Each structure stands twice: as C-alpha cells, then as structure tokens.
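What you see is a predicted model; the values in this text were computed from it and never measured.
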Amino acid sequence: MWKYILAWFPMVPIAIVNGAVRQGWYQNYLGELAAHQVSKLTAMILFGAYIGLVVRGWPPESGTRAALVGVLWLAMTVTFEFLFGHYIAEHSWTRLLQDYNLFAGRVWPVLLAWVTAAPYLFYRLANRGRGRSNVA
C-alpha cells in the first residue's frame with residue numbers, strides 16, 4: 001500500500017492549483033457558492049484523470065485492494081483538509097465543517113465520495129471482460 005500512499009500526494013498540488021484558479025479567476029464572476037461547486041466538478045475531472053493513470057500504472061491486485069485504496073485516500077484527504085485548514089490556513093473548525101453541508105449547496109462530500117470510489121471504478125473498467133475472479 002506504500003505506493004498508493006505516495007500516489008496520494010500529487011493530488012495536493014492538483015487541488016491547490018484548482019483552488020487558485022477558482023479564487024483568482026472565476027469566483028469573481030460566479031460568486032463564492034457557484035465557484036465552490038464548479039471547482040469541485042473540475043477537481044473531480046482532474047482527480048479522475050490522475051487516479052485513472054495511477055490505477056493503470058500501478059494496478060491494484062483486486063477489487064478489494066482498489067476499494068481499500070479509495071478508503072485510504074479518503075482518510076488522508078479528510079485528515080489533510082482538517083489539519084492544514086485549521087493549523088496552517090487558520091480556519092475555524094466550524095468553517096471547515098461548513099463545507100460538508102450539502103443542504104447549503106456545499107458539494108465537498110461529493111468530491112470525497114469520488115476520491116473514495118474512483119480507484120475501484122477505474123479498476124473495474126480496466127478489468128472488465130477478464131472474468132470475475134480478480135474483480136472482487
């Protein structure tokens with residue numbers, strides 16, 4: 001699993017660049033909430049491309065392993081978001097938790113679900129037609 005732990009780290013600069021583009025460019029035109037939503041969509045696309053490359057380059061041995069990679073990346077992402085957000089960016093815990101409110105239009109949990117599911121989904125795509133023995 002070490003290679004998948006290491007493979008998570010390039011997602012940090014992808015997210016930072018995505019956020020910088022949001023704040024420096026289209027947030028001024030769309031407003032904060034719509035820009036948040038658009039940036040989560042672009043993050044899903046960028047992460048999807050990256051995760052697809054990781055799964056293709058380092059294929060998990062099984063569907064179970066691919067699912068575990070997704071759970072690992074979820075834990076690493078949430079841990080990073082809270083630790084960096086609170087201790088480095090100095091956001092309050094309340095502010096950090098606000099991004100989890102789907103009813104307020106915050107779609108951060110959708111991105112987390114994608115990061116969790118994507119390794120398994122790309123594994124399944126790569127292994128379709130090869131029988132079910134190595135997919136589960």
Side-chain angles (χ1 to χ4, degrees):
M1 290 293 276
W2 284 107
K3 63 186 169 188
Y4 299 113
I5 291 171
L6 294 174
W8 176 85
F9 284 94
M11 289 195 276
V12 173
I14 292 169
I16 290 171
V17 169
N18 186 56
V21 169
R22 176 189 73 228
Q23 289 183 329
W25 179 37
Y26 58 85
Q27 182 169 306
N28 297 331
Y29 303 102
L30 298 178
E32 198 281 327
L33 180 60
H36 163 83
Q37 294 166 342
V38 168
S39 75
K40 296 313 170 261
L41 176 62
T42 57
M44 289 175 70
I45 293 166
L46 294 169
F47 286 164
Y50 175 73
I51 292 168
L53 291 172
V54 169
V55 170
R56 200 171 12 256
W58 288 332
E61 300 88 49
S62 67
T64 301
R65 178 58 61 102
L68 287 172
V69 169
V71 171
L72 172 69
W73 286 352
L74 169 66
M76 292 176 72
T77 302
V78 171
T79 300
F80 177 82
E81 189 69 18
F82 278 105
L83 292 178
F84 181 87
H86 185 71
Y87 294 107
I88 304 300
E90 300 181 347
H91 297 309
S92 70
W93 296 115
T94 302
R95 179 171 177 207
L96 293 169
L97 288 170
Q98 288 174 348
D99 272 337
Y100 290 81
N101 188 350
L102 287 170
F103 297 111
R106 309 306 287 187
V107 292
W108 172 247
V110 177
L111 179 61
L112 293 176
W114 173 241
V115 167
T116 305
Y120 179 76
L121 295 174
F122 282 108
Y123 173 84
R124 289 295 304 254
L125 281 173
N127 288 286
R128 64 181 169 208
R130 293 187 186 173
R132 298 185 72 60
S133 62
N134 69 342
V135 176

Counting N and O atoms only, with roles assigned by atom type, does the side chain of [X] sit under 3.5 Å from a partner on the main chain of [Y], one being a donor and the other an acceptor?
| X | Y | answer |
| --- | --- | --- |
| H91 | H86 | no |
| T42 | S39 | yes |
| W108 | H36 | no |

Taking the side chain as every heavy atom from C-beta outward, state whether [X] and [Y] have any atom pair closer than 4.5 Å.
| X | Y | answer |
| --- | --- | --- |
| V110 | L41 | no |
| W8 | T77 | yes |
| F47 | L111 | yes |

Measure the spacing between [atom1] of [X] and [atom2] of [Y] and express it to the nearest 0.5 Å.
| X | Y | atom1 | atom2 | value |
| --- | --- | --- | --- | --- |
| R22 | W25 | CZ | CH2 | 13.5 Å |
| L125 | L121 | CG | CG | 7.0 Å |
| L96 | L83 | CG | CG | 10.0 Å |
| L74 | L68 | CG | CG | 12.0 Å |
| L112 | M44 | CG | CE | 10.5 Å |
| R65 | L72 | CZ | CG | 10.5 Å |

Same cluster (ILVMFWY, side-chain, under 4.5 Å), [X] and [Y]:
| X | Y | value |
| --- | --- | --- |
| V17 | I51 | no |
| V71 | M76 | no |
| V78 | Y4 | yes |
| V115 | L53 | no |

Describe, in one word, how the ring planes of F82 and Y100 are oriented to each other, choosing from parallel (under 30°), tilted (30 to 60°) and perpendicular (over 60°).
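Taking Y100 first and then F82, their aromatic rings lie parallel (interplane angle under 30°).
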Report the relative orientation of the aromatic rings in W114 and F122; use parallel for angles under 30°, tilted for 30 to 60°, perpendicular for over 60°.
perpendicular
Closest heavy-atom pair and its distance - [X], [Y]:
| X | Y | result |
| --- | --- | --- |
| P10 | P13 | O-CD, 3.1 Å |
| G105 | L33 | O-CD1, 3.5 Å |
| P109 | D99 | CD-O, 3.4 Å |
| F9 | I5 | CD1-O, 3.3 Å |
| V55 | P60 | CG1-CD, 4.0 Å |
| A7 | V54 | CB-CG1, 4.0 Å |

Short N-O contact, E90 and R95, less than 4.0 angstrom:
no
